[in-house]
Protein chains: 2
Amino acid sequence: MSKSETVSAASAPGPESVVPCCPPLDERPLTAEEAETAARMFKALGDPVRLRLFSLVASHKGGEACVCDISDVGVSQPTVSHHLKKLKEAGLLTSERRGTWVYYRVEPSVLAAMGRLLTTAAARK
Amino acid sequence: MSKSETVSAASAPGPESVVPCCPPLDERPLTAEEAETAARMFKALGDPVRLRLFSLVASHKGGEACVCDISDVGVSQPTVSHHLKKLKEAGLLTSERRGTWVYYRVEPSVLAAMGRLLTTAAARK
DNA sequence: GGGCTACATCGACGGCCATCGAAGCAATGG
DNA sequence: CCATTGCTTCGATGGCCGTCGATGTAGCCC
C-alpha cells in the first residue's frame with residue numbers, strides 16, 4: 001500500500017515509495033533505511049547503458065520517448081527493455097502505452113530529490 | 001543580455017575549473033564515454049554501506065573523519081576499508097594519514113558536478 | 001484470420017562485487 | 001625491541017547483475 005501523497009492520480013498505481021527520501025548528505029548521517037532507499041536510486045543510474053537511456057528520455061522533445069526512439073545504445077532490444085524496467089522500478093521513469101508504442105517519461109520529483117541530496121551538500125561548503 | 005541563466009559560473013573562473021564531466025541529463029543525450037564516466041560516480045553511491053560512509057564523512061565536524069569514527073555501519077572493518085577505497089577511486093573522497101589515524105574528506109567539486117547533472121534537469125522543468 | 005511490428009518476459013550464462021577471516025603494514029607506547 | 005592499536009591488503013566465496021537468443025503478448029493493417 002502506497003502512502004497517500006501528492007502523486008498524480010492519473011497514472012497507474014505503479015511503484016510506490018516515491019518520497020523526498022533523505023536529508024542532504026552532509027546534514028546528518030543517513031540511517032540504514034535512508035541509505036537503502038537512496039542507494040537504490042543511485043544504483044539505477046550507476047550503469048552506463050541505463051544512464052544513456054535515461055538521458056535519451058530526459059532530453060527527448062516533449063519530455064517523452066518511445067522505446068524505438070532510444071533503443072540504439074549498443075545492446076540488444078531485450079536488454080534495453082530490461083534496463084527501462086529497472087529505471088521504472090527505481091521510480092525514475094514512468095511508462096504509458098499509446099496504441100502500438102510505449103512511451104517513457106522522467107519522474108521529475110525523484111530526480112529533484114536526488115539533486116537536492118547532492119547539491120545542498122556542495123552549496124554549504 | 002538578460003540573466004536568463006542562474007548558473008553561478010557566469011564570469012567567475014571558479015575554483016572548480018575541473019571538468020564538469022557531462023552536460024545536464026536533459027540537455028543532450030550522453031555519449032557512451034560520458035555515460036561511462038558519470039555512471040562510475042553514481043555507482044559508487046549505489047551501495048547502502050558506501051552511502052552511509054560517505055554521509056558520515058560529509059556530515060562530520062570539520063569536514064573530515066577518521067575510519068574509527070565511521071566504522072560502525074554494520075559490516076566488518078575490512079569491508080569498511082574496502083568501501084572507502086572504492087569511494088576514493090571514484091574521486092568522491094580523499095584520504096590523508098596524520099599520525100596513527102587516517103582521515104577521509106569529501107571532494108566538493110565532484111559532488112557538485114553530480115548535483116549539477118541532476119538539479120539542472122529538474123530546475124529547467 | 002493472417003501477418004507484421006513494437007515491446008516485454010523467460011531462461012541461461014559469465015562476470016563483477018560485497019563480504020568475511022587472516023595476515024600484513026604503520027605508528028605509538030612501554 | 002616488543003606489544004598494541006589503527007587501517008589496509010589478500011584470498012576465497014556466495015550472490016547479484018548485465019547480457020543474450022528465444023519466446024510470448026499486444027496492437028495495427030490487409
Side-chain angles (χ1 to χ4, degrees), chain A residues 12-15 30 32 35-57 60 62 64-90 92-105, chain B residues 30 32-33 35-57 60 64-90 92-105:
Chain A
L30 295 182
E36 202 86 31
T37 302
R40 202 176 304 129
M41 304 189 300
F42 282 116
K43 193 176 187 178
L45 294 182
D47 181 88
V49 175
R50 276 198 294 270
L51 200 51
R52 285 186 75 186
L53 288 172
F54 187 84
S55 178
L56 278 163
V57 173
H60 205 264
E64 66 179 11
C66 75
V67 183
C68 56
D69 290 328
I70 61 177
S71 50
D72 191 20
V73 287
V75 294
S76 69
Q77 183 271 325
T79 302
V80 170
S81 198
H82 166 72
H83 284 306
L84 289 173
K85 185 180 182 181
K86 282 291 189 74
L87 287 168
K88 206 167 73 174
E89 288 174 350
L92 295 174
L93 290 180
T94 59
S95 67
E96 177 195 2
R97 175 160 215 140
R98 289 205 298 272
T100 305
W101 297 277
V102 176
Y103 290 88
Y104 280 83
R105 158 182 308 272
Chain B
L30 296 182
E33 293 181 2
E36 203 87 31
T37 301
R40 203 176 303 127
M41 302 190 300
F42 283 116
K43 192 175 186 179
L45 294 183
D47 181 89
V49 175
R50 276 198 293 269
L51 201 50
R52 285 186 74 186
L53 288 172
F54 186 84
S55 178
L56 279 163
V57 172
H60 205 264
E64 65 179 13
C66 74
V67 182
C68 57
D69 290 328
I70 60 177
S71 49
D72 190 20
V73 287
V75 294
S76 70
Q77 191 273 328
T79 302
V80 170
S81 197
H82 165 71
H83 283 305
L84 288 174
K85 185 180 182 181
K86 282 293 190 74
L87 288 168
K88 204 167 73 173
E89 288 174 350
L92 296 173
L93 291 181
T94 58
S95 67
E96 177 195 1
R97 175 160 216 137
R98 288 206 298 273
T100 306
W101 296 277
V102 176
Y103 291 88
Y104 281 83
R105 160 183 306 273

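Letters go in sequence order (proteins before strands), and every chain restarts at 1.
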Worksheet item: Checking all strands, does R98(A) fall into the base, sugar-phosphate, or nothing category for heavy-atom contacts under 4.0 angstrom?
Response: nothing
Discussion item. What is the separation between atom NE2 on H82(A) and atom P on dA6(C), rounded to the nearest whole Å?
Written reply: 23 Å
Fill in: Test item: S71(A) side-chain N/O and V67(A) main-chain N/O as donor-acceptor pair under 3.5 Å
yes
Discussion item. On the nucleotide dC20(C), are OP1 or OP2 found under 4.0 Å from the side-chain N or O atoms that S76(B) carries?
Written reply: yes
Worksheet item: Taking atom P of dA8(C) as reference, at what distance in whole Å does atom NZ of K85(A) sit?
Response: 10 Å
Fill in: Pairwise side-chain contact, D47(A) with H83(A), heavy-atom cut-off 4.5 Å (strictly under)
yes
Response to the item:
Rounded to whole Å, the CD-P distance (E89(A) to dT9(C)) equals 9 Å
Worksheet entry | Side chain to side chain, L84(A) and I70(A), heavy atoms closer than 4.5 Å | yes
Practice prompt. Taking the side chain as every heavy atom from C-beta outward, state whether V57(B) and L87(B) have any atom pair closer than 4.5 Å.
Written response: no
Discussion item. If the condition is salt bridge (Lys or Arg N to Asp or Glu O under 4.0 Å), which residues does E89(B) pass it with, not counting sequence neighbours?
Written reply: none
Worksheet item: When we call it a touch if two heavy atoms are under 4.0 Å apart, what does V80(B) touch: a base, just sugar-phosphate, or nothing?
Response: nothing
Item to complete: Calculate the interatomic distance between L84(A) atom CG and dA6(C) atom C1'; express it in whole Å.
Response: 13 Å
Worksheet item: Under a 4.0 Å heavy-atom cut-off, which of residues 40-48 of chain B touch DNA chain C?
Response: K43(B), D47(B)
Worksheet entry | Selected nucleotide, minimal atom distance to R97(B) side chain, candidates dA26(C), dC7(C), dT19(C) | dA26(C)
Practice prompt. Return the 5'-most residue of the pair V75(A), T100(A) with respect to DNA chain D, ranking by each residue's nearest nucleotide.
Written response: V75(A)
Discussion item. At less than 4.0 Å, is any side-chain N or O atom of T79(B) found next to OP1 or OP2 of dC20(C)? Yes or no.
Written reply: yes
Worksheet entry | Note, K43(B) side chain near F42(A) side chain (heavy atom, < 4.5 Å) | no
Worksheet item: When the nearest nucleotide of DNA chain C is assigned to K86(B) and to Y103(A) on a heavy-atom basis, which residue is associated with the more 5' position?
Response: Y103(A)
Practice prompt. Find out whether the Lys NZ or Arg CZ of R98(B) is both under 6.0 angstrom from the six-membered ring centre of Y103(B) and within 45° of the ring's axis.
Written response: yes
Discussion item. With a 4.5 Å cut-off on side-chain heavy atoms, are L45(A) and R50(A) touching?
Written reply: no
Practice prompt. Look at the side chain of Q77(A) and the base of dA6(C), then say whether one donor and one acceptor between them are separated by less than 3.5 Å.
Written response: no
Practice prompt. At the 4.0 Å heavy-atom cut-off to chain B, mark where contacts on DNA chain D begin and end, going 5' to 3'.
Written response: dG6(D) to dT9(D)
Worksheet entry | side chain to side chain contact (heavy atoms under 4.5 Å, CB included) partner of L56(A), chosen from V73(A), D69(A), D72(A) | V73(A)
